Amino acid sequence: MTKQPEAGTEPIAPSPARRVSPWNVANVLTVLRLVVVPFFVVCMFVDGTGWRWAALVVFLLASLTDQLDGWLARKYGLITDFGKIADPIADKALIGAALVTLSLLDEVSWWVTGAILVREVGVTALRFAVIRHGVIPASYGGKVKTVLQIAAIALYILPGVPEPLRWAVLGAAVAVTLVTGADYVVRAVRLRKVAQKARGG
Ligand SMILES: O=P(O)(O)OC[C@H](O)CO
């Protein structure tokens, strides 16, 4: 019986099928998400409700590209190792910039921003630490985490949202962020073991 790779880990193997260029529409959207981050930050720091709404629109449009690039990559077979690494990094840049900005403006506690940033930077470092064994793509939990983070940040950017609603969604985002971070550590250990076994080590 053919042994299937373990879920959530993808050892690097030579692909017998067609090679997909990293310069495809899904990856271009991922890079665009990175490019709009400075525009979002500027909108946040300019005084006035209009600029708040502009920041929200930029943030939500950039977040939408996260859902769109993943969908395009799956539908048109545009999944590349570059996309698997760059997509979570682009999400982290957008989410990280939003949280740091909200903390600088005294609207989100620094401990929340710090806990989320430590997890996000840690998972990125982990991905690079095991990259010689394979790529750890975003998990289902990781995607749920990103949606919760986006919802929580949008509620903080939006003027006049009741505080209990903001706290509830942000609390859920922090919890899922930390739990999925621990899950990636388990996946990285598993990936290393699978890759070492495959090499006969
Ligand atoms: O939890 P991560 O680090 O895999 O990030 C998930 C991505 O942001 C989903 O698009």
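Order of listing sets the numbers, starting from 1, for every ligand and every atom in it. Each residue takes its place number in the sequence, starting with 1. Everything numeric in this text was worked out from a predicted model, so none of it was measured.
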Next item on the list: Start with the C-alpha distance between W110 and L104, add both sets of side-chain angles, then the distance that settles side-chain contact (heavy atoms from CB on, under 4.5 Å), and finish with yes or no.
Entry: CA-CA 8 Å; W110 275 107; L104 285 170; 3.7 Å; yes
Check: Between E120, K92, Q67, R119, which one has a non-hydrogen atom sitting closest to atom 1 (O) of ligand 1?
Finding: R119
Next item on the list: Show which atoms of ligand 1 fall inside a sub-4.0 Å distance from at least one heavy-atom site of V123.
Entry: 3 (O)
Checklist line | atom 4 (O) of ligand 1 [closest protein heavy-atom partner, distance rounded to 0.1 Å] | finding: Y184 OH, 2.4 Å
Margin query: So I85 and F128, do their side chains get closer than 4.5 Å, heavy atoms only?
Written below: yes
Notebook entry, point to check: Any side-chain heavy-atom pair from T30 and R33 closer than 4.5 angstrom?
Noted result: yes
Margin query: Any heavy atom of T180 closer to ligand 1 than 4.0 angstrom?
Written below: no
Note to self: Quick test: of every protein heavy atom, which one is nearest to atom 9 (C) of ligand 1, and how far off is it to 0.1 Å?
What the structure shows: D91 OD2, 3.4 Å
Next item on the list: Indicate yes or no: does an N/O atom of K143 lie under 3.5 Å from an N/O atom of ligand 1?
Entry: no
Next item on the list: Give me the one residue out of L155, L165, L148, V112 that meets side-chain contact (heavy atoms from CB on, under 4.5 Å) with L170.
Entry: V112
Item checked: K84, portion touching ligand 1 at heavy-atom distance under 4.0 Å -> neither
Item checked: F45 atom CZ: more than 12 heavy-atom contacts under 6.0 Å -> yes
Checklist line | For D66, atoms of ligand 1 separated by under 4.0 Å from a heavy atom | finding: 10 (O)
Checklist line | N27 side chain reached by L78 side chain, heavy atoms, under 4.5 Å | finding: no
Note to self: One residue to check: D87. Relative to ligand 1, which of side chain, backbone, both or neither has a non-hydrogen atom less than 4.0 Å away?
What the structure shows: side chain
Notebook entry, point to check: Would you find a donor on one side and an acceptor on the other, under 3.5 Å apart, between the side chain of S139 and the backbone of G142?
Noted result: yes
Check: Who's the nearest protein heavy-atom neighbour of atom 5 (O) of ligand 1, and how far?
Finding: K145 NZ, 3.3 Å
Notebook entry, point to check: Any side-chain donor-acceptor pair under 3.5 Å between N24 and T80?
Noted result: no
Note to self: Distance under 4.0 Å to a non-hydrogen atom of T146: what atoms of ligand 1 satisfy this?
What the structure shows: 6 (C), 7 (C), 8 (O), 9 (C)
